[in-house]
Amino acid sequence: MAGRPRPQPHSPSASTRRRERWLVVLGVALHAVYMLSIFDIYFKSPIVHGMDPVPPRLSAAPAKRLVLLVADGLRADKFFEPDERGRYRAPFLRGVIEEKGRWGVSHARPPTESRPGHVSLIAGFYEDPSAVTKGWKANPVEFDSVFNQSRHTISFGSPDIVPIFCSSLPHSTWDTYPHEYEDFATDASFLDHWSFDQFQGLLNRSFDDIKLRQLLLQDKLVIFLHLLGCDTNGHAHRPYSSIYLNNVKVVDQIAESVYNLMENYFKDNQTAYVFTADHGMSDKGSHGDGHPWNTDTPLVAWGAGIRSPKFLAYTEKPDDGFRFVDDHKHDTPTPQDWALEGFERVDVNQADIAPLMSTLVGLPCPMNSVGSLPTHYLKLSKADEVEAVLANTKQILNQFLRKSHLKQSSSLYFKPFKPLANYSSVLSQIEDLISERDYDTAMKHSEELRRMALAGLHYFQTYDWFMLMTTITLGYIGWMVNLILHVLQSYTLFPAILLKKALLHPKNTSMKVYIGGCFFMGLSSIILLLEKSPLLYHAYAFMTIFLWTRIVQNFEFLKAMWREFSNMPFKHTLNLLISSAIALFVLEFLVISFFDRKIYTWCFLALGILGSTYVAFFIQASPALAIYIWLACWFLSVFTLMPAEIPENNNLVILSGVLIILIAVASRWANSNCTTFWLYLTRANKRDSQSSKLYFVQVILVAISSIMVWLSTSHRSQNRELHSLHQLINWSVAGIAMVLPLFSPPSALSRLTSIFLGFAPPFLLLSIGYEAVFYSAFSMVLIGWIFVESANLYCSEESGSARRRSLVDGSVFGYEERHLQLSDLRIPLLFVILFNVAFFGTGNFASIASFEISSVYRFITVFSPFLMAGLLIFKLFIPFMLVICAFSAITKIVRIPRLGCYFLVILLSDVMTIHFFFLVRNTGSWMEIGNSISHFGIVSAQVVFVLLLFALTNIYTRDIVVSSRQLTARKVM
């Protein structure tokens with residue numbers, strides 16, 4: 001690609017075409033296999049089985065029974081703060097904080113959703129990352145929980161939560177209300193009353209049921225009431241609404257009723273109570289991310305085994321570096337309006353509540369728990385406190401040992417977690433310290449051992465990461481090197497130059513190289529089999545070895561190319577380095593744009609200035625063209641400042657129809673220009689009446705579509721049903737409009753204008769707001785790109801000494817492809833930018849999920865999810881198709897091979913793919929996790945997506961004809 005400014009005719013051979021077909025197939029297979037790698041790396045279940053439970057060696061269980069009250073969706077600040085009259089919304093639980101128990105804020109880890117929140121509370125581990133592929137409700141693997149370890153569990157609440165823990169639990173009594181009860185149109189606090197009423201009814205029945213009463217009187221009993229009202233009301237009415245705030249009072253009343261009911265029933269002061277929430281609620285009525293509104297939930301504990309309130313004067317404490325799972329600081333100041341500064345606040349991680357509950361009733365901690373026992377809540381003797389922490393430590397250590405054993409049994413070269421190499425001696429030391437009653441030192445060692453065991457769990461969870469990520473990264477790099485080699489060998493002058501300079505000495509070493517590759521494949525396969533690795537591990541290794549085998553096969557070419565680069569003038573080397581640096585900068589800029597689409601505003605503001613300056617001073621084209629480029633880029637820059645969720649404004653859609661017609665009129669006028677660079681775009685026109693008629697028909701169809709937008713909008717605003725005749729007209733206009741460009745003149749500008757007019761009616765009919773104007777602005781930029789490339793080609797040919805023949809006298813219709821040069825890299829690079837703008841110009845990944853019925857109302861009014869989804873996807877495709885049509889026309893105008901440019905586009909996309917591979921997240925909200933997967937997946941899929949769109953748009957662009965000089969000057973080249 002580098003170093004030779006003179007274009008040369010290029011015609012790919014049959015062997016090249018055959019090799020390219022295999023290369024495309026390889027690319028599709030490679031990206032499909034490597035896309036699956038993220039599930040082996042980032043989304044592997046942390047749960048292991050085969051450990052034994054570790055019961056705490058307590059002198060006696062602090063409580064005989066436990067009551068867990070979970071107010072789903074209850075925000076900490078709404079719970080603790082006073083109302084507008086200065087009264088607290090939870091007077092009973094506030095009284096508990098001040099007189100009977102302990103309190104704090106429980107910090108949830110994203111995703112802050114109901115299922116992962118309850119799994120954290122009851123099972124003690126955070127969201128199983130493999131659940132991202134399994135859906136919301138059912139956890140993909142079996143796990144231990146406080147309920148499993150209990151003697152009996154009683155539970156009432158939501159059908160989405162209670163069955164997760166109780167459906168397969170033989171020692172449980174549970175019930176749920178029907179899904180129909182979860183009505184967002186009503187005050188959902190009755191759901192909380194339902195749960196309490198069911199529990200109260202069960203206690204009442206026990207007076208007549210001896211077996212039930214015996215069941216209730218046994219120890220290690222767990223009672224769980226799931227209170228969904230706050231969550232449902234928060235979604236429907238927002239957490240600042242009177243309905244939600246009143247629901248806070250309802251859960252407080254239920255907590256008081258449960259307490260009075262239990263104390264009157266058992267009368268033994270042997271019940272422990274824990275009140276908390278699974279997650280909070282944002283002001284928008286949503287949850288899932290890591291905002292404090294969603295992660296901070298109240299925690300109140302009282303009853304048997306719980307310490308009394310501790311009074312202290314507030315003093316600001318320095319940051320000790322500790323962070324909770326939501327990244328909040330330790331000892332965060334308590335808001336003054338909570339008026340609780342005088343009562344010790346003990347914040348915990350949400351998973352810490354599971355070992356707290358287990359210890360309260362003398363149960364082993366859940367075997368997969370990663371929670372640390374919060375001793376500040378427990379009223380235990382020093383000896384029992386140390387024993388409880390030691391049992392918690394051993395339970396986490398058992399998980400570590402199990403994971404270590406599983407990995408060691410399947411590894412040829414095992415790398416142990418060195419900090420825990422002497423764990424047994426540490427355990428013995430702790431036991432000796434307990435025997436000597438040195439409880440403080442024993443506690444310190446136990447907590448340190450627990451911390452190291454948690455670090456060891458993370459070590460084995462990520463044990464294969466380095467190997468897998470190295471293999472995948474080397475695979476992507478190998479694929480990109482293969483693409484570069486193919487483009488250099490098939491679409492540049494390098495092979496001819498190297499042969500001419502006798503730098504390239506072809507040697508038939510393919511067989512030896514492939515035998516070596518097969519040997520390494522076989523060796524890696526044996527190693528992976530011995531290590532009992534999954535089948536996909538074999539696929540990753542085979543792909544990577546195969547790609548690098550192909551690179552080694554081209555060793556002679558690489559060596560000759562290196563010699564050529566070494567002897568290249570410094571000016572050319574610098575040009576290559578600058579071009580590569582610019583390309584990398586642009587690609588990193590595009591990666592950032594996936595997270596902030598507004599960055600495109602700055603991009604096109606800069607492009608408007610740079611583009612118009614380049615046209616005015618370097619190409620020295622018409623000042624009007626420079627002004628047009630400036631205005632078009634600045635016009636497009638506005639749209640990425642607009643909201644991703646498009647507000648409905650049908651006046652903009654109708655106005656866009658007028659703008660589209662004006663752009664078409666301007667293009668029609670430009671089509672009559674027969675001077676300078678315009679001849680590349682217009683020379684092939686046949687000036688007949690048929691093309692004029694076609695143009696007017698297309699303009700009329702755009703006008704009709706604008707009228708139909710107005711008509712359908714007026715019908716819907718009057719709550720009138722859209723007439724079937726109107727739907728028929730809309731379908732007909734959209735269908736006919738897309739066929740007409742096939743009959744337009746084959747010159748570049750005429751055909752592209754016709755394509756622009758052809759896709760306008762369906763896009764307008766599917767638009768609801770500013771995205772219709774984006775269609776016009778985006779098309780203006782694409783046309784400007786074509787103008788600049790044509791002007792640049794005209795100026796370069798005018799300056800060539802061998803190009804003196806008149807363009808009018810010496811032109812032919814059609815073109816021969818030339819070889820690629822380094823400067824041609826700008827075309828695939830601009831294509832990648834505009835391809836991304838085609839999507840981000842009117843939305844982002846989150847906006848895809850938002851569905852507006854009016855987007856498809858003009859075509860269908862009866863709910864049909866597949867047809868509606870198809871129409872919306874088609875609407876998204878239209879800007880992509882415009883980009884590819886413009887790209888195809890430009891490759892014909894500048895006479896470069898389109899398939900060679902396609903490989904460069906994939907090369908550039910895969911630079912982004914590697915970056916997104918390292919940005920995949922397995923923590924955070926479902927949206928954050930899903931978006932990170934989507935970013936990686938969509939960029940990976942471009943090898944197929946772009947190729948399919950090339951094939952689709954080829955229907956419109958294959959017969960485009962551009963003016964070309966007679967090739968008499970090629971003798972000079």
Side-chain angles (χ1 to χ4, degrees), residues 55-56 58-71 90-103 122 146-147 149-157 166 171-175 192-227 249-276 299-310 353 356-363 377-381 384 388:
L58 305 177
S59 56
K64 285 185 67 176
R65 66 198 70 87
L66 169 79
V67 176
L68 172 62
L69 302 172
V70 178
F92 169 74
L93 289 170
R94 190 171 186 85
V96 167
I97 293 170
E98 295 173 352
E99 300 169 10
K100 298 178 182 177
R102 306 308 295 267
W103 76 286
I122 299 166
V146 176
F147 297 173
Q149 299 290 347
S150 70
R151 200 177 302 280
H152 197 88
T153 293
I154 297 169
S155 179
F156 298 104
C166 299
H171 54 276
S172 65
T173 302
W174 60 278
D175 197 7
D192 301 342
H193 287 294
W194 184 95
S195 297
F196 172 73
D197 291 343
Q198 298 302 306
F199 177 59
Q200 186 178 37
L202 182 136
L203 291 186
N204 290 337
R205 289 197 307 274
S206 71
F207 292 113
D208 301 320
D209 187 334
I210 297 174
K211 286 186 178 180
L212 179 57
R213 184 163 177 80
Q214 289 174 342
L215 182 149
L216 290 169
L217 291 174
Q218 60 189 343
D219 64 352
K220 296 181 174 52
L221 176 69
V222 176
I223 297 160
F224 168 47
L225 296 187
H226 178 246
L227 311 175
K249 298 177 182 178
V250 170
V251 296
D252 181 70
Q253 291 164 6
I254 288 174
E256 182 177 16
S257 299
V258 169
Y259 173 72
N260 292 331
L261 189 66
M262 292 291 291
E263 294 305 306
N264 291 331
Y265 185 90
F266 292 101
K267 299 177 182 177
D268 59 0
N269 295 322
Q270 286 294 302
T271 307
Y273 303 86
V274 175
F275 174 90
T276 188
L299 173 61
V300 182
W302 74 101
I306 300 294
R307 292 187 186 185
S308 300
K310 182 178 180 181
I353 296 174
L356 171 64
M357 294 191 297
S358 296
T359 304
L360 281 169
V361 284
L363 296 172
Y377 279 85
L378 292 167
K379 184 168 64 178
L380 297 173
S381 65
D384 281 352

*Start with the C-alpha distance between Phe156 and Asp197, add both sets of side-chain angles, then the distance that settles side chain to side chain contact (heavy atoms under 4.5 Å, CB included), and finish with yes or no.*
CA-CA 9 Å; Phe156 298 104; Asp197 291 343; over 6 Å; no
Worksheet item: For Phe196 and Leu69, what are the C-alpha separation, side-chain angles and deciding distance, and is it a side chain to side chain contact (heavy atoms under 4.5 Å, CB included)?
Response: CA-CA 10 Å; Phe196 172 73; Leu69 302 172; over 6 Å; no
- [ ] Apply side chain to side chain contact (heavy atoms under 4.5 Å, CB included) to the pair His171 and Ser150, showing each step before the final yes or no.
- [x] CA-CA 8 Å; His171 54 276; Ser150 70; 3.8 Å; yes
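Distance CD1/Ile353 to OG/Ser358: 12.0 Å, rounded to 0.5 Å. Expressed to the nearest 0.5 Å, how far CZ of Arg151 lies from CG of Leu221 amounts to 10.0 Å. A distance of 9.0 Å separates CZ in Arg65 from CG in Leu216, rounded to the nearest 0.5 Å. Here the straight-line distance linking atom CG of Leu66 with atom CG of Leu360 works out to 6.5 Å at 0.5 Å rounding.
Counting heavy atoms from C-beta outward, Val274 and Leu299 have side chains that approach closer than 4.5 Å. Here the side chains of Trp103 and Leu93 are not in contact, with every heavy-atom distance at 4.5 Å or above. For the pair Thr359/Tyr377, no side-chain contact is recorded, criterion being any heavy-atom separation below 4.5 Å from C-beta on. Inter-residue side-chain proximity for Asp219 and Val361 is flagged as unmet; no heavy-atom pair is nearer than 4.5 Å. Counting only heavy atoms from C-beta outward, the side chains of Met262 and Ile223 approach each other to under 4.5 Å. Residues Pro309 and Glu98 form no side-chain contact, since every pair of their non-hydrogen atoms from C-beta on lies 4.5 Å or further apart. Between Phe266 and Leu217, the closest side-chain pair of non-hydrogen atoms falls below 4.5 Å.
A donor-acceptor contact shorter than 3.5 Å is absent between the side chain of Ser172 and the backbone of Thr153. Checked by atom type and distance alone, the side chain of Arg307 pairs as donor or acceptor with a backbone atom of Leu378 at under 3.5 Å. A distance-only check finds no donor-acceptor pair linking the side chain of Asp384 to the backbone of Leu58 [under 3.5 Å]. A donor-acceptor pair is defined here as one N or O able to donate and one able to accept, closer than 3.5 Å; such a pair exists between the side chain of Trp174 and the backbone of Cys166.
Closest approach of Gly362 and Lys220 over heavy atoms only: O-CE, 3.8 Å. Between Pro62 and Gln270, the shortest heavy-atom contact is O-OE1, 3.9 Å. Of all non-hydrogen atoms in Ala301 and Ile306, the two that sit nearest each other are O-CG2, 3.3 Å. Between Ser195 and Leu225, the shortest heavy-atom contact is O-CD2, 4.0 Å. The shortest non-hydrogen separation linking Asn269 to Ala304 is O-CB, 3.6 Å. When all heavy atoms of Arg102 and Lys310 are compared, the closest pair comes out as NH2-CB, 3.5 Å.
When the ring-ring contact (aromatic ring centres under 6.0 Å, His included) test is applied to Tyr273, the partners found at least two apart in sequence or on another chain are Tyr259, Trp302. Residues satisfying the ring-ring contact (aromatic ring centres under 6.0 Å, His included) test with Phe199, not counting sequence neighbours, are none.
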Name every donor-acceptor pair, under 3.5 Å, that has one atom in a side chain of residues 200-210 and the other anywhere in the protein, sequence neighbours excluded.
unit_1 : atom_1 : unit_2 : atom_2 : d
Asn204 : ND2    : Gln200 : O      : 3.3
Ser206 : OG     : Leu203 : O      : 2.5
Ser206 : OG     : Tyr265 : OH     : 2.6
Asp209 : OD1    : Lys211 : N      : 3.1
Asp209 : OD1    : Leu212 : N      : 3.1

